[in-house]
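One structure below.
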Amino acid sequence: MGQNLDGMLIPKHVAVILDGNGRWAKKRGLPRTVGHKEGCVTVEKTVEIAARMGIEYLTVYGFSTENWKRSAEEVGALMQLFRYYMVRLLKIASANNIRVCMIGDRTRFDQDIIQGINRLESETRKNTGLTFVIAVNYGGRDELTRAVRHLASDCAAGKVRAEDIKEETVASYLDTAGMPDPDLLIRTSGELRLSNYLLWQLAYTEIYVTDCLWPDFNKEELEKAILAYNKRERRFGGVVK
Ligand code: IPE
Ligand code: IPE
Ligand code: MG
């Protein structure tokens, strides 16, 4: 049974911290990597559901800068899944008019993965439907550090004057330059933290946490999050909007 979203405001930008793949597998006595595989299936489904709902931007946290600390076996399995799903995603994106962008520091990946990311972005660049953003080797602090480095070098080169730097200038140096800030953040699996996700961009985002484990996430769960979002009184430091 779906929820009734008639008359509901569909958030323009939904950001997701997909969490709980490992717990989902553990509950079933399966290896963590099986949870990641199921999690990828859920990502694919969520992209299609979000596109149909009219969400304009969906930003999913796929792999954090801290996730390299996991076992070599798990990191290796995640990289293999990434390779496999990039190929599938190219087909899905092309068939559904979806534009794919990646945020995070891609330079740390193997060459074939970097090429796959570049190809996904360039071949879907002109699509006008949902923008699907995948955060890989992404960390909010790393993103800000890279932005500061770039801005400092532009200052040194005389391209930017320090006294002219505004919030918009900083935003334009982030990986998310040109994208609106998320309206709604969904975190699955109950953890009440940001885990280094979109630290600048989430400043006024509504946060929705569900106990649902990511591989179990579906259309009904997304609709529940949107209903909850519609009940919020959004404030941006001032009066209710
Ligand atoms: C999220 O699931 C996927 C990634 C971080 C890559 P986890 O692997 O963090 O699952 P739990 O938190 O151990 O259940
Ligand atoms: C956040 O999940 C990162 C991703 C979803 C890629 P984690 O499972 O890595 O975060 P912590 O360790 O619970 O903070
Ligand atoms: Mg986790």
Side-chain angles (χ1 to χ4, degrees), residues 13-47 50 57-86 88-89 100-110 113-114 116-117 120 132-146 174-176 179 182 184-202 205-218 221-222 225:
H13 185 171
V14 177
V16 179
I17 300 178
L18 57 89
D19 199 13
N21 291 349
R23 276 163 276 181
W24 183 92
K26 195 172 175 207
K27 251 175 59 179
R28 289 164 176 77
L30 297 166
R32 294 177 60 82
T33 50
V34 179
H36 293 316
K37 241 184 241 167
E38 280 301 313
C40 288
V41 175
T42 306
V43 171
E44 266 192 21
K45 287 188 194 151
T46 308
V47 170
Y57 292 83
L58 177 72
T59 301
V60 164
Y61 208 0
F63 190 86
S64 75
T65 45
E66 287 70 35
N67 287 149
W68 296 104
K69 293 182 204 142
R70 297 192 179 191
S71 72
E73 189 197 353
E74 185 170 346
V75 171
L78 285 166
M79 293 302 139
Q80 277 310 100
L81 275 173
F82 193 33
R83 285 187 170 92
Y84 178 72
Y85 276 93
M86 271 199 298
R88 286 181 62 91
L89 190 56
V100 184
C101 306
M102 303 262 177
I103 58 170
D105 182 6
R106 66 188 68 175
T107 60
R108 191 162 165 192
F109 292 115
D110 287 348
I113 293 188
I114 297 174
I117 295 173
L120 249 177
F132 176 45
V133 186
I134 312 176
V136 281
N137 189 25
Y138 178 86
R141 288 182 175 181
D142 179 68
E143 178 190 39
L144 281 160
T145 306
R146 285 185 287 107
L174 299 175
D175 297 346
T176 52
M179 295 178 201
L184 172 65
L185 169 72
I186 300 173
R187 182 165 186 148
T188 57
S189 303
E191 244 56 75
L192 301 176
R193 56 177 171 263
L194 292 180
S195 300
N196 204 9
Y197 194 38
L198 301 171
L199 297 180
W200 171 280
Q201 298 86 342
L202 294 175
T205 304
E206 296 294 331
I207 302 178
Y208 176 86
V209 177
T210 169
D211 285 333
C212 174
L213 303 174
W214 177 251
D216 294 327
F217 192 82
N218 55 22
E221 291 293 333
L222 180 59

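Note that the numbering runs from 1 along the sequence shown for the chain. Read the numbers this way: they start at 1 and go in the same order the structure lists the ligands and their atoms.
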Heavy-atom nearest neighbour in the protein, as seen from [atom], with distance rounded to 0.1 Å:
{"atom": "atom 8 (O) of ligand 1", "result": "R70 NH1, 2.7 Å"}
{"atom": "atom 10 (O) of ligand 1", "result": "G22 N, 2.9 Å"}
{"atom": "atom 3 (C) of ligand 1", "result": "N21 ND2, 3.5 Å"}
{"atom": "atom 14 (O) of ligand 2", "result": "S195 OG, 2.6 Å"}
{"atom": "atom 6 (C) of ligand 1", "result": "G62 O, 3.5 Å"}

Tell me the closest heavy-atom pair linking [X] and [Y], and the distance in Å.
{"X": "Y208", "Y": "L184", "answer": "CB-CD1, 4.0 Å"}
{"X": "C212", "Y": "T188", "answer": "O-CB, 3.1 Å"}
{"X": "V75", "Y": "R70", "answer": "CG2-O, 3.8 Å"}
{"X": "W214", "Y": "G39", "answer": "NE1-O, 3.0 Å"}

- Item | For H36, the ligand 1 atoms whose distance to one of its heavy atoms is below 4.0 Å |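 Numbered from 1, ligand 1 contributes 3 (C), 8 (O).
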- Task: Measure from atom 12 (O) of ligand 2 to every heavy atom in E191, R23, R193 and give the option owning the shortest one.
- Result: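 Ranked by closest heavy atom to atom 12 (O) of ligand 2, first place is R193.
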- Item | Proximal candidate to atom 2 (O) of ligand 2 [heavy atom criterion; set D19, N137, V60] |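 Ranked by closest heavy atom to atom 2 (O) of ligand 2, first place is D19.
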- Query: Nearest to the Mg ion (ligand 3), which N, O or S atom of D19 do we find?
  - Reply: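 Nearest N/O/S atom of D19: OD1.
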For ligand 1, note which part of [X] has a heavy atom under 4.0 Å away: side chain, backbone, both or neither.
{"X": "N67", "answer": "side chain"}
{"X": "E66", "answer": "neither"}
{"X": "R32", "answer": "side chain"}

- Is the shortest distance from a heavy atom of K26 to ligand 1 less than 4.0 Å?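 It does not; every heavy atom stays at 4.0 Å or beyond.
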- Item | Heavy atom of G20, distance to ligand 1 below 4.0 Å |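 It does, in that a heavy atom of G20 comes within the 4.0 Å cut-off of ligand 1.
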- Message: Is the contact between Y197 and ligand 2 made by the side chain, the backbone, both, or neither, using heavy atoms and a 4.0 Å cut-off?
- Response: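 It is neither part, as no heavy atom is under 4.0 Å.
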- With respect to R146, which candidate in D105, T107, D175 satisfies the side-chain hydrogen bond (donor to acceptor under 3.5 Å, both in side chains) definition?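 Going through D105, T107, D175 one by one, the side-chain hydrogen bond (donor to acceptor under 3.5 Å, both in side chains) with R146 is satisfied by D175 alone.
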- Item | Partner of L222 by side chain to side chain contact (heavy atoms under 4.5 Å, CB included), out of T210, I186, L58, V16 |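 Going through the options one by one, the only one that passes is I186.
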- Query: Do the ring planes of F109 and F82 sit parallel (below 30°), tilted (30 to 60°) or perpendicular (above 60°)?
  - Reply: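 Rings of F109 and F82: tilted, 30 to 60°.
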- Task: Evaluate the ring planes of Y197 and Y61, with Trp represented by its six-membered ring, and classify them as parallel (under 30°), tilted (30 to 60°) or perpendicular (over 60°).
- Result: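 Judged by the thresholds at 30° and 60°, the geometry between Y197 and Y61 is parallel.
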- Which is it for S64 and N67 under the side-chain hydrogen bond (donor to acceptor under 3.5 Å, both in side chains) test, yes or no, and what are the steps along the way? CA-CA 5 Å; S64 75; N67 287 149; 3.1 Å; yes
- Report yes or no: does N196 contribute a side-chain atom to a donor-acceptor pair with the main-chain N or O of G140 at less than 3.5 Å?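 Yes, the answer is positive, given that a donor and an acceptor are paired below the 3.5 Å cut-off.
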- Taking T42 for its side chain and P215 for its backbone only, find out whether a donor-acceptor pair lies under 3.5 Å.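 Such a contact is found between T42 side chain and P215 backbone.
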- Query: Any N or O of Y61 that comes nearer than 3.5 Å to an N or O of ligand 2?
  - Reply: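 Min N/O separation from ligand 2 is not below 3.5 Å for Y61.
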- Task: Using a cut-off of 6.0 Å, state whether more than 12 heavy atoms not belonging to E191 lie near its atom CD.
- Result: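 Counting other residues, nucleotides and ligands, CD of E191 exceeds 12 neighbours.
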- Mark up the atoms of ligand 2 that fall under 4.0 Å of a heavy atom belonging to L18, in ascending order.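 Heavy-atom distances to L18 below 4.0 Å select 5 (C).
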- Item | Proximity flag K69 to ligand 2, non-hydrogen atoms under 4.0 Å |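 It does not, in that no heavy atom of K69 comes within the 4.0 Å cut-off of ligand 2.
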- Message: Looking at the Mg ion (ligand 3), is there an N, O or S atom belonging to E191 that lies under 2.8 Å away from it?
- Response: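 Short answer: no, not a single N, O or S atom is under the cut-off.
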